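Read the structure below first, then the notes.
No experiment lies behind these values; they were computed from the predicted model shown. Worth knowing before you read on, the calculation uses all heavy atoms, side chains too, and leaves out hydrogens, waters and symmetry mates.
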Amino acid sequence: MTRKLYYEDVYTMDFDSKMVQTDEDERGLYVVLEETAFYPTGGGQPHDEGTLNDVEVFGVEEVDDEVRHYIKEDLSTEGRVHGKVNQERRLDHMQQHCGQHIISAVFDDQFDIPTTSFHLGKDTVTIDLDTGKLSNETLVKVEEQVNQIIRYNYPVETKWMSVTEAGEYPLRKPLAVKGDVRLVIIPEIDYNGCGGTHPHSTGEVMAAKFLGWTKNKHQVRLEFVCGNRVLQKLGQKHQVLTELKLLFRSRNNSLSMKLVSLSMQVRKRIRKLPSWRDNSFTMKRKKSFQRPTGSR
């Protein structure tokens, strides 16, 4: 069994270990270490990336209690291995996952809307909510409460315990395991069985921003970002807005009106174009493409 350093100290990004096994499967070459700080894919959260002895680690999976590190090339060593986790990626995942816990808690506690699934994507995060629709009023209220919890800087605790001990906490959903379970606890906010990586306080999440929602079967899929991704999205939108202002030689307060006016002009021109269903146009088109007599 691999010793999981990411559970002992989530901020461990550099470590030394001993290689236990080198092998290959359908995904490629992999190594197993005595201990690792690399978090494997699981629970809706992607794996860590980084290097082992400067060799790129492109995938991390847990199989039968061993953590497999998929590498680009052979390490060419049988001794000690130095691992280095991509810190930016790890901290980003911590912000997004902790933010998801807070968002799901507010939806559940304040509006009786539970979360049924979670996906941490490369650019945005989504959760599926067990409801048919979301009003703008609800979204505004939830987002405001979520960011208030983040600013209050609640501690985020993780504890290993038996299922029986975990049952003494106000869990958000029933546990699906029989052995020991790891609880992620935000006091007074959230009590959840979770194996993901989280910061030590909600303040490290920085901020959360909802991007919109879509219907997903009989539920709603909410898209959002947290932490540094909020700044990235703001920068991207500001860049687009700046380019539009230069293009239309307009300020913020009149840019939207110019875009609306342009959209109406385009629609009017489209309506004036000949329709494929117009009989006279269709006859002219057929005549112009008429096959010469005697041709095949």
Residue Asp23 excluded, over 12 heavy atoms near CG under 6.0 Å
yes
If you look at every heavy atom in His101 and Cys194, which pair is closest and at what distance?
NE2-SG, 3.5 Å
Please name the residue in the list Asp109, Asp190, Thr115 that meets the side chain to side chain donor-acceptor pair (under 3.5 Å) test with Ser104.
Thr115
Is Tyr191 reaching over with its side chain to a backbone N or O of Glu188, donor-acceptor style, under 3.5 angstrom?
yes
Checking side-chain contact (heavy atoms from CB on, under 4.5 Å) for the pair Met19/Gln21: CA distance, chi angles, key distance, verdict?
CA-CA 6 Å; Met19 189 185 305; Gln21 177 188 359; over 6 Å; no
Using modelled atom types and a 3.5 Å cut-off, is there a donor and acceptor pairing between side-chain atoms of Asn53 and backbone atoms of Val55?
no
Could you tell me whether Asp16 and Arg80 make a salt bridge, using a distance below 4.0 angstrom between a side-chain N and a carboxylate O?
no
If you take all heavy atoms of Val106 and Val142, which pair is closest and at what distance?
CG1-CG1, 3.9 Å
Determine whether the aromatic ring centres of residues Phe118 and His97 are separated by less than 6.0 angstrom.
yes
Are side-chain heavy atoms of Asp74 and Leu29 found at a separation under 4.5 Å?
yes
Give the ring-plane orientation class for Phe210 versus Phe224, where under 30° counts as parallel, over 60° as perpendicular and anything between as tilted.
perpendicular
Calculate, to the nearest 0.5 Å, the distance between atoms NZ and CG belonging to Lys18 and Leu33 respectively.
11.5 Å
Short question: side chain of Asn147, backbone of Ala208 - any donor-acceptor pair under 3.5 Å?
yes
Cationic N near anionic O, under 4.0 Å, Glu137 to Lys141:
yes
Nearest heavy-atom neighbours spanning Ile186 and Cys98
CD1-SG, 4.5 Å
CG of Asp130 to CZ of Phe107, rounded to nearest 0.5 Å, is 12.5 Å
Test your reading of the model: is there a side-chain donor-acceptor pair from Asp9 to the backbone of Tyr11, 3.5 Å cut-off?
yes
Using a cut-off of 6.0 Å, state whether more than 12 heavy atoms not belonging to Glu88 lie near its atom CD.
no
Test your reading of the model: is there a side-chain donor-acceptor pair from Tyr7 to the backbone of Gly195, 3.5 Å cut-off?
yes
In terms of heavy-atom contacts, does NZ of Lys237 have more than 12 from other residues, nucleotides or ligands at under 6.0 Å?
no
Verify the cluster assignment for Ile102 and Leu134: are they in a single hydrophobic cluster under the rule of side-chain heavy atoms below 4.5 Å apart?
yes
Decide whether Tyr30 and Phe38 are clustered together by the hydrophobic rule: side chain heavy atoms of Ile, Leu, Val, Met, Phe, Trp, Tyr closer than 4.5 Å, transitively.
no
In terms of heavy-atom contacts, Gly203 and Asn153 come closest through N-OD1, 2.9 Å
Applying the side chain to side chain donor-acceptor pair (under 3.5 Å) criterion to Thr36, which one of His69, Glu66, Lys4, Arg3 satisfies it?
His69
Between Leu52 and Val31, is any pair of side-chain heavy atoms under 4.5 Å apart?
yes
hydrophobic_cluster_shared for Tyr152 and Val146, side chain cutoff 4.5 Å:
yes
State whether the side chain of Gln96 and the backbone N or O of Cys226 hold a donor-acceptor pair below 3.5 Å, judged by distance alone.
yes
Could you tell me the separation between the CZ atom of Arg172 and the CD1 atom of Ile189, rounded to the nearest 0.5 Å?
9.0 Å
Please give me the minimum heavy-atom distance between Val181 and Gly193, naming the atom from each residue.
CG2-CA, 4.4 Å
In this structure, are over 12 heavy atoms from other groups packed under 6.0 Å from Lys84 atom NZ?
no
Side chains of Val156 and Glu204, heavy atoms from C-beta outward: is any pair under 4.5 Å?
no
Test your reading of the model: is there a side-chain donor-acceptor pair from Thr12 to the backbone of Tyr6, 3.5 Å cut-off?
no
Using atom types as modelled and distance alone, determine if a side-chain donor or acceptor of Glu165 lies under 3.5 Å from a backbone N or O of Ser162.
yes
Least distance between heavy atoms, Tyr70 atom then Val60 atom:
CD1-N, 4.4 Å
Min side-chain heavy-atom separation Glu56-Ile71 under 4.5 Å
no
Under-4.0 Å salt bridge between Arg27 and Glu61:
yes
Could you give me the CA-CA distance, side-chain angles and deciding distance for Leu183 and Tyr169, then say whether side-chain contact (heavy atoms from CB on, under 4.5 Å) is met?
CA-CA 9 Å; Leu183 287 193; Tyr169 290 84; 3.8 Å; yes
With side chains defined as the heavy atoms from C-beta onward, is the minimum distance between Thr126 and Leu222 less than 4.5 Å?
no
Are Phe15 and His82 an aromatic pair by the rule of ring centers under 6.0 Å?
no
Please determine whether the number of non-hydrogen atoms from other residues, nucleotides or ligands lying under 6.0 Å from atom NZ of Lys209 exceeds 12.
no
Regarding Thr131 and Gln219, is there a side-chain donor-to-acceptor distance under 3.5 Å anywhere?
no
Going hydrophobic residue to hydrophobic residue with side-chain gaps under 4.5 angstrom, can you get from Val205 over to Met94?
no
How about Ile150 and Met206: do any of their side-chain heavy atoms sit closer than 4.5 Å?
no
Does the Thr116 side chain pair with the main chain of Leu129, one donor and one acceptor, at a distance under 3.5 Å?
no
Keeping the roles fixed (side chain from Thr202, backbone from Ile149), state whether a donor-acceptor pair exists under 3.5 Å.
yes
For residues Trp213 and Glu223, determine if any side-chain heavy atom of one lies less than 4.5 Å from a side-chain heavy atom of the other.
no
As a quick check of understanding, evaluate side-chain contact (heavy atoms from CB on, under 4.5 Å) for Asn192 and Lys173, giving each step before the final call.
CA-CA 7 Å; Asn192 223 321; Lys173 56 185 178 181; 3.8 Å; yes
side-chain contact (heavy atoms from CB on, under 4.5 Å), that's the test. Do Glu62 and Arg68 meet it? Break it down for me.
CA-CA 6 Å; Glu62 185 172 5; Arg68 297 180 178 181; over 6 Å; no
To the nearest 0.5 Å, tell me how far Ser135 OG sits from Phe111 CZ.
8.0 Å
Pairwise distance OG(Ser17) to CD(Glu34) - rounded to 0.5 angstrom:
5.5 Å
Are Arg89 and Asp48 ion-paired here, with the side-chain N under 4.0 Å from a carboxylate O?
no
Measuring from Asn86:CG to Arg90:CZ, what's the distance to the nearest 0.5 Å?
10.0 Å
Assigning hydrophobic clusters by single linkage (Ile, Leu, Val, Met, Phe, Trp, Tyr; side-chain heavy-atom cutoff under 4.5 Å), is Ile103 placed with Val230?
no
Do the non-hydrogen side-chain atoms of Val125 and His119 ever get within less than 4.5 Å of each other?
no
Exceeds 12 heavy-atom contacts within 6.0 angstrom, atom CD of Glu8:
yes
